[in-house]
There are 2 protein chains.
Amino acid sequence: MIKAENLIKIYKVGDAEVNALGGVNLEVEKGEFVSIVGASGSGKSTLLHILGGLDKPTEGSVYIDGRNLSEMSDDELAEIRCLKIGFVFQFHNLIPTLTALENVELPMIFAKVSTEERKRRAKKLLESVGLDDRMNHLPSQLSGGQQQRVAIARALANNPEVILADEPTGELDSKNSHLIMKTLSELRENYGVTIIVVTHDMEMAKYADRIIKMKDGKIVGEIS
Amino acid sequence: MIKAENLIKIYKVGDAEVNALGGVNLEVEKGEFVSIVGASGSGKSTLLHILGGLDKPTEGSVYIDGRNLSEMSDDELAEIRCLKIGFVFQFHNLIPTLTALENVELPMIFAKVSTEERKRRAKKLLESVGLDDRMNHLPSQLSGGQQQRVAIARALANNPEVILADEPTGELDSKNSHLIMKTLSELRENYGVTIIVVTHDMEMAKYADRIIKMKDGKIVGEIS
Ligand SMILES: Nc1ncnc2c1ncn2[C@@H]1O[C@H](COP(=O)(O)OP(=O)(O)OP(=O)(O)O)[C@@H](O)[C@H]1O
Ligand SMILES: Nc1ncnc2c1ncn2[C@@H]1O[C@H](COP(=O)(O)OP(=O)(O)OP(=O)(O)O)[C@@H](O)[C@H]1O
Ligand SMILES: [Mg+2]
Ligand SMILES: [Mg+2]
């Protein structure tokens, strides 16, 4: 489903170079649940952004369903990101001027879903993350964990085949963290959704079929 | 050192009212290390903001060293926030257009510290959180955990008497989380700094002398 081939990412900062990814190879099958762990700065967010087509590698390739992302037009990439991939970011997930409900509706607007269906589905998704009483709040009127839960609901809006989640439970208490990880597990069980979760929490990492360990921009090991 | 008396905070959202704090009483002695735990949405960030004078309660009072915050002028409040209190926010800690070094220098500019002393101290603080090789990076060029560590360094810039930290280790791996909590413990041991940390991580909460539990806007219990 997702294949990364020798990904290298070098950032330039002034005269200095940061080797964020030093040759990453990864294959994730359809319906697999993978978690990625590793120290702060080890390259997890960088890898996730490149896998989701949000950033380009300096060298190497990403294939989604056998198609090389670097050979796609911007329109094709945008369509994949809208319909195929649900992304939960580590920060800044929500549009500050839209309510929780409107934030969850946004991907459905791009997918040209009808107004009533959008509202109905957005409400249902917010209920599933326990936020039915916060639908009309702006992000600034939500707690940190509530903002994160809205982001998760939004990532699910278009029934994506792949979910890429960067620290989806970082702001959540234990009960909500387990709830989110169970929700992701069920999506995989019931709908064959492919899931890649970056996390620092080994308890959450264990929901996956395999745990991939990163260090200094490389994959250094795997636990199943 | 810090005393909260019957704090009530009600937010209005459209016609609805959110009872974020329903009567919170808390006393923290000088040199005490307190952690606050509780479910997502239970009022932890709201409480911390009010304790630090960043927000006003709907009812009730906060006293810092016996002085009622609501009786202070804006100048007096600003001075307390600059010199006495170091604040680590749950999100959006850093000014996006300033480098890591400049972000840590900022509170010292307000405190009128000389340019050389500021630079020297900012470098030293960034080294203490393991970021001496990222000083000239902008926040967008830092990983999530690196941004959080810069925020912690900045909170320490003016040698505050009180540190209020909202999820300071939420983005950090285990090694860095323990490093930060040990740094805070040492500040308390060596300099009598008063520390209040909001956290979801019970392992981190245990660094404190006492753990205060919040639920639905109230303090419901305490573990020592
Ligand atoms: N500006 C605001 N306007 C309206 N409601 C708000 C506002 N800020 C917070 N709230 C509400 O107040 C409640 C408490 O929020 P708070 O941010 O204090 O929770 P928290 O304990 O820090 O949660 P988390 O662990 O998720 O960060 C939440 O239900 C939230 O929706
Ligand atoms: N835009 C950028 N420009 C320069 N350097 C960058 C940029 N983005 C990230 N980096 C650097 O690349 C490295 C990897 O960053 P990345 O965000 O992938 O780490 P991470 O594993 O997600 O860390 P965390 O657990 O702290 O979120 C870091 O050392 C960071 O400083
Ligand atoms: Mg990251
Ligand atoms: Mg909070």
Side-chain angles (χ1 to χ4, degrees), chain A residues 11-16 18 20 37-46 89-94 96 99-100 129-131 133-149 166-167 169-177 179-180 198-203 213-215 217, chain B residues 11-16 18 20 37-46 89-94 96 99-100 129-131 133-149 166-167 169-177 179-180 198-203 213-215 217:
Chain A
Y11 292 112
K12 289 201 171 46
V13 183
D15 298 330
V18 177
V37 300
S40 174
S42 55
K44 305 180 296 295
S45 296
T46 301
F89 294 91
Q90 193 169 4
F91 297 119
H92 307 303
N93 270 294
L94 308 179
T99 64
V129 294
L131 288 174
D133 60 350
R134 292 282 180 275
M135 291 194 195
N136 299 318
H137 283 228
L138 294 170
S140 58
Q141 298 171 322
L142 297 170
S143 77
Q146 290 168 341
Q147 290 176 29
Q148 205 166 27
R149 283 184 271 155
D166 199 345
E167 304 283 350
T169 63
E171 300 302 324
L172 302 180
D173 46 64
S174 182
K175 160 164 163 279
N176 273 301
S177 295
L179 190 66
I180 293 299
V198 164
T199 179
H200 289 123
D201 192 334
M202 284 309 294
E203 245 192 280
K213 191 157 183 339
M214 285 189 74
K215 185 170 150 80
Chain B
Y11 292 113
K12 288 202 171 45
V13 184
D15 297 328
V18 176
V37 299
S40 174
S42 57
K44 306 179 297 295
S45 297
T46 300
F89 295 91
Q90 194 169 2
F91 296 119
H92 306 303
N93 270 292
L94 308 179
T99 64
V129 294
L131 289 174
D133 61 350
R134 292 283 180 276
M135 290 191 197
N136 299 318
H137 281 228
L138 294 171
S140 59
Q141 297 171 324
L142 296 171
S143 78
Q146 290 168 341
Q147 289 176 29
Q148 205 168 26
R149 284 184 270 155
D166 200 345
E167 305 285 350
T169 63
E171 299 303 325
L172 302 180
D173 47 63
S174 183
K175 160 165 164 279
N176 273 301
S177 294
L179 190 67
I180 293 300
V198 163
T199 179
H200 290 122
D201 192 333
M202 284 309 293
E203 244 191 281
K213 194 158 181 339
M214 284 188 74
K215 187 170 150 73

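Numbered from 1 within each chain, the chains take letters A, B, ... in sequence-line order.
Neither the backbone nor the side chain of B/Q148 comes within contact range of chain A, judged by heavy atoms closer than 4.5 Å. Within the 4.5 angstrom heavy-atom criterion, only side-chain atoms of A/S143, from C-beta onward, approach chain B. Residue contact with chain B, scored on non-hydrogen atoms closer than 4.5 Å, is absent for A/Y11. There is no contact between B/V37 and chain A, counting heavy-atom distances below 4.5 Å. If you measure heavy-atom distances from A/E171 to chain B, the contacts under 4.5 Å come from both the backbone and the side chain.
Of the residues considered (B/E167, B/H92, B/K175), B/H92 shows the highest number of contacts with chain A, using heavy-atom pairs under 4.5 Å. Chain A forms the most heavy-atom pairs under 4.5 Å with one residue out of B/A20, B/G170, B/G144, and that residue is B/G144.
For A/L172 against B/S40, the heavy-atom pair with the smallest separation is CD2-OG, 4.4 Å. Summarising the geometry of A/G41 relative to B/Q146, their closest heavy-atom pair is CA-NE2, 4.0 Å, with the distance given to 0.1 Å. Minimum heavy-atom separation, A/N136 to B/V13: O-CG1, 4.0 Å.
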Stepwise, does the side-chain contact (heavy atoms from CB on, under 4.5 Å) test hold for B/H200 with A/T169? CA-CA 10 Å; B/H200 290 122; A/T169 63; over 6 Å; no
Show your working on side-chain contact (heavy atoms from CB on, under 4.5 Å) between A/V18 and B/Q141 and close with a plain yes or no. CA-CA 10 Å; A/V18 177; B/Q141 297 171 324; over 6 Å; no
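Taking a 6.0 Å sphere around NZ of B/K215, one finds it holds 12 or fewer heavy atoms contributed by other residues, nucleotides or ligands.
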